[in-house]
Engineer: 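Got a structure here, written out as structure tokens. Questions coming.
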Amino acid sequence: MSSPVDVDTLIIGSGFAGLCAAIKLQEAGERDFVVIEKGSTVGGTWRDNTYPGAACDVPSQLYSFSFAPNPDWSMSFSPQPEILAYLERVARDSGTLDRFVFDTTVENARWDGGQDRWLVSTSGATYAARVVISGAGGLSAPKLPAIDGIEDFAGEIFHSARWDHDVDLAGKRVAVIGTGASSIQIVPAIQPTVGHLDVYQRTAPWVIPRNDRRYPAFERAALRHVPGLQDLYRTAIYWGREGYVPAFTRAPKLATPAKQMALANIRKGISDPALRAKVTPDFQIGCKRILISNTYYPALAADNTDLVTDPIARITPSGIVTSDGTERAIDVLIVATGFHTTELPITEHLVGRSGTTLADRWEETGMSAYKGTAVADFPNLFFIVGPNTGLGHSSMVFMIESQVTYIVDAIRSMRRNGYSSVEVREDVERAWSASLQQRMKRTVWSTGGCASWYLDKHGNNTTLWPRSTFSFRGALARFDAGSYRVAATTPSHATPSSTDREESLA
Ligand code: N01
């Protein structure tokens, strides 16, 4: 076997998270890194989700890197192709792409305590990395429903995140299972094309209007040329969104205006009282992700659409049978049933200091990580978009940038202080998680009367951040070595970064 490629930092994934880490490491003078990416290009979830109607439900002025503003967004909520093109451009302009290894999957990463290195085997080379950063993302592994007979379906079948563009839906009998964020974008996009559409709803979501608009040319020109204007947009959107936090975390009654908007959205889009009743949720708004659409309800009300609320009993080779015994024949089955969120798949491949995979450790305890970033027993491993970093109201890019600041500071601090490993103290991690779970008790996600993918099998919310995003940023502003067990560098690994070398020559 050939010897591993020595690298200082190995980043897994090249979506917003991995790309941000690469750019910020480079800016910090840390040039000895690789980015391992299973796909053929950057973009992560924005590369994989190409379904018709895919768009962001956070305004792009905020859902973009603070250090790479884009005055050319065509809409206030950008469509997926524009976001992907943005990420590709940012990656190209950053000058980091030569360190990206595409079409390569991380198969196993094992901590070698003797060397204070991660031994990372991939479908290509094997690497010995001082630090591993996982930007593998929370929405990367599609979840297929465990429905009897699904594997016997003889027509076309695909998940929303693996859209099969070779399948022509025109005139076909199509079923969509699920009514989450992906489905409510897909349904109105395909309803005018298909012959007949059955939408299988298990739980009705709350859907408020999407106040989207096209940016006229003069506004885009102003955003490009007027100094500070884009920052102003971003700041206004940020604080507008941040204003929703108390409604989720402390006082769900504050969401009453949103509920009124959602009910008005139903009345506007649907005239049939029976259908209105079917789509009206029976839990508190905010308990599940609040969705935004002006076109979803009209698409459900269209003549060629049926909303099916009887539970699915089984799938046959030619259709779907509901619990009342009705079989609806279909040609194409679209599965919009979400992702594995509370058991991040990458964790099956990460083996820590004590020889246990992170998946096994979390199987017992549920997901937890100090500051959503570091886990005891897994030295020199940092997560981006780790446990309890998700948001329902604002931009994940803000959270990603906060975590990357912390991680880059950790790496620089390791170098400056000669640490060969840093491992968060178990008591610190436990106290962090206990305090988050304590806060969770008052949130609408726990009290709102719904079951959601935010909650794990123990009933704990291990996905969302239950405070303001600026408090998250504050908590991650600097690497706090005191919360970690640190080990001193072995001489062979005491390599200064390029910047440190430059500083020491100055
Ligand atoms: O997945 P979901 P998604 N039988 O898990 C139903 C992000 N996102 O892909 O509610 C029948 O939300 C399930 O029913 P229930 C965003 O963070 C962002 O739509 O569990 N139905 C639900 O209706 C989002 O939250 C954008 O009862 C079954 C649906 O499938 C996340 O991705 C756009 C079932 C799954 O909804 C996931 O969204 C799209 C079964 N066995 C997505 N199993 C933006 O705009 C599941 N369901 C940024």
Side-chain angles (χ1 to χ4, degrees), residues 15-16 44-46 48-60 62-64 75-80 82-84 137-150 158-163 175-189 198-208 210 212 241 278-279 281-283 286-293 296 300 307-315 320-323 333-342 385 389-397 399 445 448-455 463-465:
F16 266 103
T45 194
W46 293 104
D48 293 341
N49 283 271
T50 61
Y51 59 76
C56 190
D57 56 12
V58 176
S60 301
L62 186 60
Y63 196 86
S64 48
M75 311 283 296
S76 47
F77 295 91
S78 294
Q80 172 267 338
E82 264 184 62
I83 300 173
L84 180 57
L139 301 176
S140 60
K143 190 173 187 174
L144 292 170
I147 301 174
D148 248 11
I150 192 164
F158 49 87
H159 189 274
S160 54
R162 300 287 180 273
W163 195 269
V176 176
I177 301 181
T179 52
S182 302
S183 171
I184 66 124
Q185 295 184 330
I186 292 167
V187 165
D198 290 325
V199 178
Y200 285 83
Q201 170 187 286
R202 189 164 69 177
T203 313
W206 285 104
V207 185
I208 59 173
R210 182 183 180 90
D212 204 0
R241 296 249 154 187
K278 277 182 172 183
V279 300
D282 59 1
F283 56 88
C287 183
K288 280 172 177 283
R289 190 179 176 93
I290 300 174
L291 309 182
I292 58 167
S293 177
Y296 176 60
L300 290 186
L307 180 71
V308 184
T309 52
D310 291 317
I312 298 173
R314 64 180 193 281
I315 293 176
I320 298 182
V321 182
T322 44
S323 59
L333 175 53
I334 297 163
V335 183
T337 46
F339 301 86
H340 291 277
T341 50
T342 51
V385 192
T389 58
L391 301 177
H393 71 291
S394 190
S395 171
M396 279 311 294
V397 185
M399 303 300 268
W445 311 308
C450 74
S452 76
W453 61 256
Y454 298 153
L455 309 181
T463 50
L464 294 187
W465 173 246

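Nothing here was measured: the structure is a model prediction, and the numbers come from that model. Atoms considered below: every heavy atom in the structure, side chains included; atoms not considered: hydrogens, waters and symmetry mates. Atoms within a ligand are numbered from 1 in the order they appear, just like the ligands themselves. Numbers here are sequence positions counted from 1.
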Engineer: Do S323 and D310 have a side chain donor and acceptor closer than 3.5 Å?
Structural biologist: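 Per modelled atom types, S323 and D310 side chains form no pair under 3.5 Å.
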Engineer: Which atoms of ligand 1 sit under 4.0 Å from any heavy atom of Q185?
Structural biologist: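 Near Q185, the atoms of ligand 1 are 33 (C), 45 (O).
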Engineer: State the atoms of ligand 1, each with its element, that fall below the 4.0 Å cut-off from a heavy-atom position in D57.
Structural biologist: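 Those of ligand 1 that fall under 4.0 Å from D57 are 44 (C), 45 (O), 48 (C).
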Engineer: So which pairs with a foot in residues 49-60 pass salt bridge (Lys or Arg N to Asp or Glu O under 4.0 Å), sequence neighbours left out?
Structural biologist: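 Listed by first then second residue: D57-R289.
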Engineer: Do ligand 1 and W46 have nitrogen or oxygen atoms that lie under 3.5 Å from each other?
Structural biologist: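 In fact, backbone or side chain, W46 has no N or O that close.
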Engineer: Out of curiosity, is Y200 lining ligand 1, as in a heavy atom under 4.0 Å away?
Structural biologist: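 Not so, Y200 does not reach ligand 1.
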Engineer: Quick one: side chain to side chain donor-acceptor pair (under 3.5 Å) partners of T203, sequence neighbours excluded?
Structural biologist: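 T203 satisfies side chain to side chain donor-acceptor pair (under 3.5 Å) with no other residue.
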Engineer: Give a yes or no answer on whether the side chain of W445 reaches the backbone of L455 with a donor-acceptor pair at less than 3.5 Å.
Structural biologist: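 Such a contact is absent between W445 side chain and L455 backbone.
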Engineer: To which of W453, Y51, F77 does the heavy atom nearest atom 25 (O) of ligand 1 belong?
Structural biologist: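 Comparing heavy atoms across W453, Y51, F77, the nearest one to atom 25 (O) of ligand 1 lies in W453.
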Engineer: For the rings on H159 and Y51, is their centre-to-centre separation under 6.0 Å?
Structural biologist: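 No - the distance between ring centres of H159 and Y51 does not fall below the 6.0 Å cut-off.
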Engineer: If you have a sec, work out which protein heavy atom is nearest atom 36 (O) of ligand 1 and how many Å separate them, to one decimal?
Structural biologist: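 Looking at atom 36 (O) of ligand 1, the protein heavy atom closest to it is G180 CA, 3.6 Å.
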Engineer: Is G178 close to ligand 1, meaning an N/O of one under 3.5 Å from an N/O of the other?
Structural biologist: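 No, there is no polar N/O contact under 3.5 Å.
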Engineer: Among all protein heavy atoms, pick out the one at the shortest distance from atom 27 (O) of ligand 1; state its residue, atom name and that distance to 0.1 Å.
Structural biologist: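 Result: T203 OG1, 2.5 Å.
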Engineer: Identify the closest protein heavy atom to atom 17 (O) of ligand 1: which residue and atom is it, and at what distance?
Structural biologist: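 Of every protein heavy atom, R289 NH1, 3.3 Å lies nearest to atom 17 (O) of ligand 1.
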Engineer: Would you check if P311 and R202 make a side-chain contact, meaning some heavy-atom pair closer than 4.5 Å?
Structural biologist: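 No. Closest side-chain heavy atoms not under 4.5 Å.
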Engineer: Relative to the heavy atoms of K288, which atoms of ligand 1 are at a distance of less than 4.0 Å?
Structural biologist: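 So the answer, numbered in order with elements, is 10 (O), 15 (P), 20 (O).
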Engineer: Starting from atom 47 (N) of ligand 1, which protein heavy atom do you reach first, and at what distance in Å?
Structural biologist: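 Closest protein heavy atom to atom 47 (N) of ligand 1: T337 CG2, 3.6 Å.
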Engineer: Does any part of the side chain of L300, heavy atoms only, come nearer than 4.5 Å to the side chain of V187, both counted from C-beta?
Structural biologist: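 Heavy-atom side-chain distance check passes, below 4.5 Å.
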Engineer: Would you tell me which option among S452, C450, G338, A336 has the nearest heavy-atom contact to atom 29 (C) of ligand 1?
Structural biologist: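 Going through S452, C450, G338, A336 one by one, A336 has the nearest heavy atom to atom 29 (C) of ligand 1.
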Engineer: Report the member of P142, A181, P145 with the shortest heavy-atom distance to atom 38 (O) of ligand 1.
Structural biologist: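 It is A181 that holds the nearest heavy atom.
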Engineer: Do Q201 and V308 touch side chain to side chain, with heavy atoms closer than 4.5 Å?
Structural biologist: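 Sidechains of V308 and Q201: no contact.
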Engineer: Quick one: CG on D198 to CD1 on I334, what's the gap to the nearest 0.5 Å?
Structural biologist: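 Those atoms lie 11.5 Å apart.
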Engineer: Starting from atom 3 (P) of ligand 1, what is the nearest protein heavy atom, named by residue and atom, and what distance separates them?
Structural biologist: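 Nearest neighbour among protein heavy atoms for atom 3 (P) of ligand 1, to 0.1 Å: S182 OG, 3.4 Å.
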Engineer: Among all protein heavy atoms, pick the one closest to atom 21 (N) of ligand 1 and tell me residue, atom and distance.
Structural biologist: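 Here the closest protein heavy atom is I177 CG2, 3.7 Å.
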Engineer: Could you check atom 13 (C) of ligand 1 against the protein and tell me its nearest heavy-atom contact, residue, atom and distance included?
Structural biologist: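 Protein heavy atom with the smallest distance to atom 13 (C) of ligand 1: R202 NH2, 4.3 Å.
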Engineer: Have a look at ligand 1 and work out which part of A451, if any, has a heavy atom under 4.0 Å from it: side chain, backbone, both or neither.
Structural biologist: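 For A451, no heavy atom sits under 4.0 Å from ligand 1.
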Engineer: Examine distances only and state if a side-chain atom of S395 and a backbone atom of L62 form a donor-acceptor pair shorter than 3.5 Å.
Structural biologist: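 The answer is yes, because a donor-acceptor pair under 3.5 Å joins these two groups.
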Engineer: Heavy-atom count check: over 12 atoms from other residues, nucleotides or ligands less than 6.0 Å from R314 CZ?
Structural biologist: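 Count not over threshold, so no.
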Engineer: How far is atom 7 (C) of ligand 1 from the closest protein heavy atom, and which atom is that?
Structural biologist: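 Its nearest protein heavy-atom neighbour is L139 CD1, 3.5 Å.
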Engineer: Keeping S183 on the side-chain end and G178 on the backbone end, is there a donor-acceptor pair under 3.5 Å?
Structural biologist: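 Indeed, once roles are kept as given, a pair shorter than 3.5 Å links the two residues.
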Engineer: Once you restrict to heavy atoms under 4.0 Å, what part of K143 touches ligand 1? Side chain, backbone, both or neither.
Structural biologist: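 Within the 4.0 Å criterion, K143 makes no contact with ligand 1.
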Engineer: Against heavy atoms of A55, which atoms of ligand 1 measure under 4.0 Å?
Structural biologist: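 This gives 44 (C), 45 (O) as the contact atoms.
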